[in-house]
Amino acid sequence: MNKEEFISALKNLNINITDKTLNDLDTYYKILIDYNSHTNLTRITEENEVYLKHFYDSLTLVKAIDLDNQTLLDIGTGAGFPGLVLKIVFPNLKVTLVDSLNKRITFLKSVIEKLGLKDIEAIHARAEEYALDKRESFDIVTSRAVANMSMLSELCIPFVKDHGYFVPMKADANEELKGAKNAIKTLGGVLKDTIIFELPYDAGTRTLIKIEKLVKTSVKYPRKFSEIKKKPL
Ligand code: SAM
């Protein structure tokens with residue numbers, strides 16, 4: 001997906017991108033490639049592919065939820081997907097990026113500083129530990145490519161505010177979702193919508209799962225990661 005194709009695909013998502021935002025994404029891309037030459041962040045490095053599979057893909061979250069002026073938490077953000085891309089394109093979002101690998105947080109902080117972004121923080125933590133401080137705190141919690149739906153629900157739903165949303169970004173999620181019904185309910189969520197679509201240029205199927213938080217999560221959750229893994233809800 002070249003830049004013109006990116007701009008036009010965003011129009012189909014009702015996103016009108018400014019020249020400044022395009023410049024910021026270009027700077028992000030350049031820092032990503034530079035950092036990736038010595039520290040592993042992503043195996044996708046070719047520019048058109050990064051614009052499609054990281055930048056555009058991250059922005060498809062708008063298919064599920066209105067993003068303006070909300071607090072958003074991205075668990076296991078890696079090199080900033082989707083959270084940092086969303087912050088660059090929707091500057092009014094208040095974003096928290098969490099990852100358990102410090103080298104990724106160091107990279108994210110350098111992009112945040114270079115672009116002069118405000119109302120965004122990059123936190124080095126494991127989700128299940130960060131939840132001790134920040135439970136029931138965010139309007140939207142999202143996550144891409146971190147764990148299966150059942151485990152991910154336990155890592156993410158505790159952070160969602162009353163009437164907020166957990167919206168994981170998945171590939172083909174039908175089977176995973178069936179296996180996560182009990183976890184979603186136990187953690188206080190209700191499945192509101194499942195949005196399935198194809199990325200352009202045959203880049204694959206994507207699924208956005210929209211879960212609303214209706215009941216506070218019991219303080220029993222999240223459990224230690226070893227337990228979450230051994231006995232998924
Ligand atoms: N979300 C990014 C993306 O889609 O490109 C990164 C995906 S990468 C496959 C998974 C990331 O989740 C890694 O950066 C890893 O360090 C992080 N991670 C895994 N388990 C985690 C946990 N329990 N808490 C916080 N981060 C975690």
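Residues take their numbers from the sequence shown, with the count starting at 1. Order of listing sets the numbers, starting from 1, for every ligand and every atom in it. These numbers come from a predicted model, not from an experiment.
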How far apart are the C-alpha atoms of S100 and H124, what are their side-chain angles, what is the distance that settles it, and do they pass the side chain to side chain donor-acceptor pair (under 3.5 Å) test?
CA-CA 6 Å; S100 54; H124 175 220; over 6 Å; no
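Here CG of L84 is found 9.0 Å from CG of L25. Values are rounded to the nearest 0.5 Å. Here CZ of R206 is found 8.0 Å from OG1 of T60. Values are rounded to the nearest 0.5 Å. In this structure, the separation between CG on L67 and CG on L93 is 5.5 Å, given to the nearest 0.5 Å.
For atom 6 (C) of ligand 1, the nearest protein heavy atom (residue, atom name, distance) is G76 O, 3.4 Å. Taking atom 10 (C) of ligand 1 as the reference point, the nearest protein heavy-atom neighbour is A145 O, 3.4 Å. Closest protein heavy atom to atom 18 (N) of ligand 1: S100 OG, 3.6 Å. The protein atom (non-hydrogen) at minimum distance from atom 4 (O) of ligand 1 is R144 NE, 2.6 Å. The single protein non-hydrogen atom nearest to atom 17 (C) of ligand 1 is D99 OD2, 3.3 Å, given as residue, atom name and distance. If you check which protein heavy atom lies closest to atom 24 (N) of ligand 1, you get A127 N, 2.9 Å.
Remark: ligand 1 atoms within the under-4.0 Å shell around heavy atoms of R104 are 13 (C), 14 (O), 16 (O). Set against the non-hydrogen atoms of G78, the atoms of ligand 1 under 4.0 Å away are 6 (C), 14 (O). Of all atoms in ligand 1, numbered sequentially from 1 with element shown, those under 4.0 Å from a heavy atom of T77 are 1 (N), 2 (C), 6 (C).
Within the 4.0 Å heavy-atom criterion, neither part of A79 lies near ligand 1.
The minimum heavy-atom distance between Y56 and P200, with the atom names listed, is CE2-CD, 3.5 Å.
Taking 4.0 Å as the cut-off, I75 does not count as a neighbour of ligand 1 on heavy-atom distance.
In this structure, K231 does not pair ionically with E227, as no charged nitrogen and carboxylate oxygen lie closer than 4.0 Å. Ion pairing of K30 with D26 is present here, as a side-chain N (NZ or NE/NH1/NH2) and a carboxylate O approach within less than 4.0 Å. A salt bridge between D139 and K161 is present, with a side-chain N of the basic residue lying under 4.0 Å from a carboxylate O of the acidic one.
Between atom 19 (C) of ligand 1 and the options V146, L101, L84, the minimum heavy-atom separation is to V146.
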